[in-house]
Participant: 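My structure is below; once you've seen it, I'll send some questions.
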Number of protein chains: 2
Amino acid sequence: MRRMTARPANAHQARLLRLLRDGGPNSRAQLGDQVDLSRSKLAVEVDRLLETGLVVADGLAASRGGRRSHNIRLAPALRFLGVDIGATSVDVAVTNAELEVLGHINQPMDVREGPVAVFEQVLAMAAKLRASGLAEGFDGAGIGVPGPVRFPEGVPVAPPIMPGWDGFPVREALSQDLGCPVMVDNDVNLMAMGEQHAGVARSVGDFLCVKIGTGIGCGIVVGGEVYRGTTGSAGDIGHIQVEPDGRPCACGNKGCLEAYFSGAALARDAEEAAHQGRSQELSTRFEDSGRLSAVDVAAAAAAGDPTALDLIRAGGNRTGQVIAGLVSFFNPGLVVIGGGVTGLGHTLLAAIRTQVYRQSLPLATGNLPIVLGELGPTAGVIGGARLISDHLFSPA
Amino acid sequence: MRRMTARPANAHQARLLRLLRDGGPNSRAQLGDQVDLSRSKLAVEVDRLLETGLVVADGLAASRGGRRSHNIRLAPALRFLGVDIGATSVDVAVTNAELEVLGHINQPMDVREGPVAVFEQVLAMAAKLRASGLAEGFDGAGIGVPGPVRFPEGVPVAPPIMPGWDGFPVREALSQDLGCPVMVDNDVNLMAMGEQHAGVARSVGDFLCVKIGTGIGCGIVVGGEVYRGTTGSAGDIGHIQVEPDGRPCACGNKGCLEAYFSGAALARDAEEAAHQGRSQELSTRFEDSGRLSAVDVAAAAAAGDPTALDLIRAGGNRTGQVIAGLVSFFNPGLVVIGGGVTGLGHTLLAAIRTQVYRQSLPLATGNLPIVLGELGPTAGVIGGARLISDHLFSPA
DNA sequence: CGACTTTCTCCCGTCACAGGACAAAGGTGG
DNA sequence: CCACCTTTGTCCTGTGACGGGAGAAAGTCG
């Protein structure tokens with residue numbers, strides 16, 4: 001099924017589409033208040049959008065003291081697909097044109113099985129969402145992968161934790177399989193876009209979005225736009241050195257942040273503590289399941305286990321140390337912490353805050369909120385929908 | 001004397017002015033090749049610019065196989081003033097509209113004497129340049145100060161090394177005194193703009209410009225535009241911590257980069273080495289002048305003094321460590337090293353390169369040049385001229 | 001010297017756009 | 001229920017921006 005063949009013909013139409021996406025259904029008069037076009041021009045553009053089918057009439061708006069205005073909204077049948085491929089699981093969600101999540105599936109998966117196997121699973125999940133009646137088809141999809149991406153082509157480049165993905169034409173392949181336009185980006189950038197669209201970063205132009213999961217990455221937003229760097233690897237802060245000649249890291253270097261704090265490092269440290277009998281709580285959990293993960297540490301910490309709390313604090317300090325440097329350098333208006341380990345919650349946040357507020361200059365930290373992301377696992381998929389809608393809602 | 005009352009009336013005119021600024025005199029036909037306007041439209045806009053006096057006719061161009069085209073150039077009487085206020089000296093230069101330096105004065109000065117005294121000196125220097133026949137007046141001035149600036153207002157905010165400058169209305173005051181438009185920015189940003197306009201960064205969209213002088217700062221250029229951060233303190237990397245619980249720094253923290261490497265720290269380390277008799281070369285120089293500076297260390301290193309070389313290498317390593325982190329984070333297309341200590345030259349550069357290429361990921365360093373700035377002390381003043389010309393050559 | 005190219009100016013047709021006039025539809029106060 | 005005001009939407013027209021053709025001017029090349 002072919003869908004949404006139309007695209008905005010000019011910048012005005014694109015502007016209107018984005019207003020409707022971000023502000024929901026709106027009256028023609030309200031749109032007029034926001035766009036600075038003459039009434040005639042506005043009417044022409046809206047009529048053209050109605051002709052294309054991208055937007056539809058939606059009844060009458062409440063009166064503002066005179067004649068009631070006609071409501072306009074994005075076509076209710078439009079559907080975007082957001083796909084967030086993590087190291088160990090996939091999130092797939094379907095949204096409407098206003099980027100509201102209509103259905104969301106999460107499944108475990110190993111990214112190391114390679115693109116073919118992963119996309120088979122993703123397509124099955126998408127089919128399941130479609131079969132459940134949430135969508136008749138998809139008008140576009142935004143995909144996040146856990147590694148650097150050459151953005152214009154939508155191709156992963158030299159991803160450390162994704163063997164077999166290097167150079168795989170993700171965008172082209174998925175576009176073919178799904179039969180709709182596709183955009184591909186780093187998962188961290190997607191999270192940043194999600195929090196920007198529907199989360200804590202709604203009104204901030206310049207911010208950082210630190211995602212701590214299996215690895216550590218950082219989404220960079222400059223003037224409302226994601227910054228990707230010269231080769232698409234911007235934000236790759238997991239391998240910043242925090243300890244000269246420190247722990248060996250999987251990347252071959254020593255003392256990387258990821259070697260000290262990340263889902264994997266935390267699990268390893270917890271298992272070591274359990275072995276050494278330093279924590280009753282962790283030892284019990286280890287005997288139960290045979291291994292430990294960040295979730296176990298979070299649970300132990302919630303139960304008040306001092307060793308678990310120490311592990312979290314130590315990791316938070318390391319992370320805070322790096323973030324403090326980034327804050328001095330980048331002077332953001334907001335720092336968002338997200339990803340799998342947000343379950344560690346306020347212990348982690350407190351450690352990071354302490355470190356940043358102590359190390360960075362007052363001018364940079366004076367009015368700097370450091371907060372947890374508020375969307376959790378939906379940040380990525382909303383970001384994906386946002387990515388593709390930004391693309392589709394721009395002049396052809 | 002009132003000058004350059006005219007401003008471009010629209011984006012097309014602004015575009016043309018910038019092309020003439022960056023590309024020098026140009027024929028109408030050549031301009032047409034670059035701007036994608038119809039011949040009629042182009043002719044109209046050029047004629048209007050000629051009417052305002054911002055550009056003037058300049059003879060005939062060489063033939064390109066047919067009728068010769070008329071040359072156009074920016075008004076030859078236009079003059080911009082570039083002022084680079086450092087911690088211990090001021091640079092003032094006058095440029096033409098193509099930002100070529102026509103005259104350049106450097107004088108020692110202590111920024112701690114406060115804005116009134118400093119500006120008195122700056123105005124005297126500007127008057128001297130004018131008196132020497134290089135300019136009849138100034139059409140605009142760009143000022144760089146060694147501290148964070150609230151850019152839109154042109155006011156320093158909480159500058160650590162500039163007591164008495166906090167909140168001083170630099171832009172307004174100088175605009176009054178000079179009788180022309182003024183823009184104010186951080187000196188490091190000016191250096192970045194200078195290297196971008198006329199130096200090594202000419203064709204790079206995203207790059208970092210690290211200035212090592214009395215302090216250490218970093219200009220950040222994103223998509224060809226200087227990024228200043230939320231409060232104008234972006235790039236303040238001198239107080240990133242390189243050693244937990246390390247040397248005390250003037251800022252009150254411990255282990256800051258500036259405490260280990262900067263003009264001041266290097267001088268102190270050199271004096272200590274001289275005291276301890278670790279270096280014949282440095283001791284001799286110390287006895288000669290009673291104190292040591294970065295220049296002495298550079299001279300000693302040039303003479304092959306191992307202690308001096310070690311000092312430079314150690315500092316380079318620290319700096320490289322920080323830059324490596326920034327490279328991972330920002331993924332620039334180029335890193336420029338500049339400022340007072342560039343006299344330390346390739347010893348310093350080699351140490352920085354080693355550190356960066358070893359610590360950052362291959363994808364980020366793969367094609368990353370790390371080079372010395374090629375403009376030296378003129379980078380700042382050219383950047384100043386560029387700053388104000390960007391402002392004036394934009395639609396009113 | 002003639003054929004071809006390039007540049008520049010003039011001119012005209014088209015189209016985008018703003019804003020006024022007016023009709024439609026609602027509120028408000030008596 | 002009616003007169004009067006406000007808001008919204010539509011239609012129309014005048015203005016001005018713009019592209020591109022025609023043709024003159026100025027050169028090159030063989």
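Residue numbering restarts at 1 for every chain, and letters A, B, ... go by the order of the sequence lines.
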Participant: Report yes if some heavy atom in the side chain of A:Gln13 is under 4.5 Å from a heavy atom in the side chain of A:Leu54; otherwise report no.
Facilitator: no

Participant: Please answer whether the main-chain N or O of B:Cys180 pairs with a side-chain N or O of B:Ser175 as donor and acceptor at a distance below 3.5 Å.
Facilitator: yes

Participant: Mind calculating the distance between CG (A:Leu37) and C1' (C:dG19) to the nearest angstrom?
Facilitator: 14 Å

Participant: Just the rounded figure in Å: distance from P of C:dA16 to CG of A:Asp47.
Facilitator: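 Rounding to the nearest Å, CG of A:Asp47 and P of C:dA16 are 15 Å apart.
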
Participant: Whole Å only: how far is the CG atom of A:Asn71 from the C1' atom of D:dG9?
Facilitator: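 Rounding to the nearest Å, CG of A:Asn71 and C1' of D:dG9 are 14 Å apart.
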
Participant: Report yes if at least one side-chain N or O of B:Ser69 is closer than 4.0 Å to OP1 or OP2 of C:dC8; otherwise report no.
Facilitator: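 So the side chain of B:Ser69 is within the cut-off, an N or O lying under 4.0 Å from OP1 or OP2 of C:dC8.
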
Participant: Can you measure B:Glu45 atom CD to D:dG19 atom P for me and round it to whole angstrom units?
Facilitator: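 Rounded to whole Å, this separation is 10 Å.
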
Participant: Is the backbone of A:Pro169 close enough, under 3.5 Å, to the side chain of A:Glu153 for a donor and an acceptor to pair up by distance?
Facilitator: no

Participant: Test: salt bridge (charged side-chain N to carboxylate O under 4.0 Å, His left out). Region: residues 57-73 of chain B. Which pairs qualify, not counting sequence neighbours?
Facilitator: B:Asp33-B:Arg64, B:Arg73-B:Glu98

Participant: Sugar-phosphate atoms are those with a prime plus P, OP1 and OP2; base atoms are the rest. Using that split, label each nucleotide of nucleotides 20-30 of chain D B, S or - for protein heavy atoms under 4.0 Å, 5' to 3'.
Facilitator: BBB-BBBBS--

Participant: Write down the distance between CG (A:Leu42) and P (D:dG9), rounded to a whole number of angstrom.
Facilitator: 9 Å

Participant: Once you round it to whole Å, what is the distance between C1' of D:dG16 and CZ of B:Arg48?
Facilitator: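 Checked: the CZ to C1' distance equals 10 Å.
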
Participant: How many whole angstroms separate atom CG of B:Leu31 from atom C1' of C:dC8?
Facilitator: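 Taking atom C1' of C:dC8 as the reference, CG of B:Leu31 is at 14 Å.
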
Participant: In this structure, which one of B:Leu334, B:Val200, B:Val204 forms a side chain to side chain contact (heavy atoms under 4.5 Å, CB included) with B:Pro369?
Facilitator: B:Leu334

Participant: With a 3.5 Å cut-off and sequence neighbours excluded, list the donor-acceptor pairs that the side chains of residues 382-396 of chain B form with protein atoms.
Facilitator:
| unit_1 | atom_1 | unit_2 | atom_2 | d |
| --- | --- | --- | --- | --- |
| B:Arg386 | NE | B:Asp390 | OD2 | 3.1 |
| B:Arg386 | NH1 | B:His197 | ND1 | 3.2 |
| B:Ser389 | OG | B:Arg21 | NH1 | 2.6 |
| B:Ser389 | OG | B:Ala385 | O | 3.4 |
| B:Ser389 | OG | B:Arg386 | O | 3.0 |
| B:Asp390 | OD1 | B:Arg21 | NH1 | 2.9 |
| B:Asp390 | OD1 | B:Arg21 | NH2 | 3.3 |
| B:Ser394 | OG | B:His391 | O | 2.7 |

